[in-house]
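Please read the structure below before turning to the comments.
Chain identifiers are assigned alphabetically (A, B, ...) following the order of the sequence lines, protein sequences preceding nucleic acid strands; residue numbering begins at 1 within each chain.
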Protein chains: 2
Amino acid sequence: MNDVPIKLSKFTGSIYRCTQVYANEILKQFGLTSGSYPYLLTLLSNDGINQNQISRELDIDKAMSAREIKKLIRFGYVEKEIDPEDARAYKLYLMEEGRSLIPEVLQAMNHWNNIITQGLNDQEKKELVRMLDIVLKEAKYYRCIQKSDA
Amino acid sequence: MNDVPIKLSKFTGSIYRCTQVYANEILKQFGLTSGSYPYLLTLLSNDGINQNQISRELDIDKAMSAREIKKLIRFGYVEKEIDPEDARAYKLYLMEEGRSLIPEVLQAMNHWNNIITQGLNDQEKKELVRMLDIVLKEAKYYRCIQKSDA
DNA sequence: ATTTATTAGTTGTCTAGTCAACTTTGCAGC
DNA sequence: GCTGCAAAGTTGACTAGACAACTAATAAAT
């Protein structure tokens, strides 16, 4: 019996929830929430991406993305225009208003990531992120697979 | 600059969401959902615990716990009785009905944890869980702290 | 060229989870 | 004994997110 204890799920879940609480607290000064900041940060390095692509990038349902993007547009942080090469899709762009608050958002979230990992040394931090990356790839793959072979 | 990239939050979030999708899919045969199984599993090794304690144990708001426990009681999986030593609290107990489906639930969730970590060797798996434990402790601590010093 | 299958986006409905306000009970201190 | 104050639980209102069903547009198949 070589089980990775179910603790992995427990820990990632609890860390996720703590992060949401922190993010909501720290981001409300910008009118943002834990649900909206990932979209802003993703757009920063993916100008012109569409909603489906950003959904896949974040592993969040496209229904959530549609509503979240709508909110960001309402706030004037993001803009969307029809993709001239595909009339179904919208290309998303950061507006100056949105781009300007990214440094603070990024700093706040980096701060959080730094303090919650302060019990690890530099080597361990790198290892942790490396391993989570590997785990996520499998999780993304099997999330879909499992449905069919039950 | 020695930042743990914000990727830590991104990865834990995505892994969490994938796990929820899997859990919902695999647990629906038992009438359970991703939200209810942690309560069952926690009760297995914490007979007689109360709702506030279980909420802290799972890092989930007590409002959620109240509603989730109510559901488990309605299903006949859990029972609650007033703590004879504290009339405010209810002591929670697993019913036979609930206890009987735990092996399958546990197996399904262990399976998930095993497959998503199959890209890691045994030593790495242990390391990962150890580090997440450390990270979670800090996250739980600072989730509260940060609110006051902003 | 027309059917067929995919893909982007939207909307409705549901679960997961947080926060705030409240009630009841217990536990101080005096 | 009261007068606070903290803890257990509940409820309402809200955000985060998943899933299904749908429309419209593209791509593939024949």
Side-chain angles (χ1 to χ4, degrees), chain A residues 9 12-28 31-39 48-73 78 80-92 140 143-144 147, chain B residues 9 12-28 31-39 48-73 80-92 143-144 147:
Chain A
S9 292
T12 52
S14 291
I15 293 168
Y16 165 78
R17 284 188 291 274
C18 291
T19 301
Q20 296 290 86
V21 169
Y22 168 85
N24 273 309
E25 183 64 26
I26 213 73
L27 295 174
K28 69 179 172 206
L32 295 176
T33 64
S34 62
S36 42
Y37 84 89
Y39 291 92
I49 199 177
N50 70 37
Q51 291 183 199
N52 264 18
Q53 291 168 329
I54 207 171
S55 300
R56 278 195 298 270
E57 172 70 22
L58 296 173
D59 306 300
I60 292 176
D61 193 89
K62 61 182 182 167
M64 172 70 178
S65 295
R67 286 181 263 250
E68 211 56 57
I69 296 292
K70 194 191 291 180
K71 196 170 80 183
L72 290 173
I73 290 172
V78 169
K80 75 176 176 184
E81 55 182 45
I82 300 159
D83 185 340
E85 271 145 27
D86 186 344
R88 295 168 300 179
Y90 293 101
K91 289 170 87 69
L92 301 172
K140 283 168 86 154
R143 165 187 51 178
C144 310
K147 294 194 183 182
Chain B
S9 292
T12 53
S14 290
I15 293 169
Y16 165 78
R17 285 189 289 275
C18 290
T19 301
Q20 296 290 86
V21 169
Y22 168 84
N24 274 310
E25 183 64 26
I26 212 73
L27 294 173
K28 69 179 174 204
L32 295 176
T33 64
S34 62
S36 42
Y37 84 89
Y39 291 92
I49 199 177
N50 70 37
Q51 290 183 201
N52 263 19
Q53 291 168 330
I54 207 171
S55 300
R56 279 195 299 270
E57 171 70 21
L58 295 173
D59 306 301
I60 292 176
D61 194 89
K62 61 183 182 166
M64 172 68 177
S65 294
R67 288 182 262 251
E68 211 56 57
I69 296 292
K70 193 192 290 179
K71 196 170 79 181
L72 291 173
I73 290 172
K80 76 175 174 185
E81 55 182 45
I82 301 160
D83 185 339
E85 272 144 25
D86 186 345
R88 295 169 300 181
Y90 293 100
K91 288 169 87 68
L92 302 172
R143 165 186 51 179
C144 309
K147 293 194 183 181

Kindly point out which of D:dG17, D:dA18, D:dG12 is positioned nearest to the side chain of A:Gln20? D:dG17

Go through the N and O atoms of the side chain of B:Arg67 and the base of D:dG12, and report whether any donor-acceptor pair is under 3.5 Å. yes

Below the 4.0 Å mark, does C:dT7 have OP1 or OP2 next to a side-chain nitrogen or oxygen of A:Gln53? no

Does one side chain, of B:Asn24 or B:Ser34, offer a donor that lies under 3.5 Å from an acceptor on the other? yes

Every protein N/O lying under 3.5 Å from an N/O of nucleotides 22-27 of chain D:
{"from": "D:dT26", "atom 1": "OP1", "to": "A:Ala87", "atom 2": "N", "distance (Å)": "2.9"}

The answer to which of A:Tyr16 and A:Lys91 contacts DNA chain C further toward the 5' end, by nearest nucleotide, is A:Lys91

Is any side-chain nitrogen or oxygen of A:Gln51 closer than 4.0 Å to OP1 or OP2 of C:dT10? yes

Touch class at under 4.0 angstrom, heavy-atom based, for A:Ala89 against every strand present: sugar-phosphate

At 4.0 Å (heavy atoms only), tell me whether B:Asn50 reaches a base, stays on the sugar-phosphate, or touches nothing. sugar-phosphate

Is B:Asn24 near enough to C:dT15 that one of its side-chain N or O atoms lies under 4.0 angstrom from OP1 or OP2? no

Of the candidate nucleotides D:dA8, C:dC19, C:dT10, which contains the atom at the shortest distance from the side chain of B:Arg56? D:dA8

Among D:dA18, C:dA16, C:dA20, the one nearest B:Ala63 by side-chain distance: C:dA20

Between B:Thr33 and C:dA16, is there a contact of a side-chain N or O with OP1 or OP2 at under 4.0 Å? yes

With a 4.0 Å cut-off on heavy atoms, is B:Lys28 in touch with a base, just the backbone sugar-phosphate, or nothing at all? nothing

I need the CG-P distance between B:Asp61 and D:dA16, as an integer number of Å. 15 Å

Using a 4.0 Å heavy-atom cut-off across all strands, classify A:Ser65 as base, sugar-phosphate, or nothing. nothing

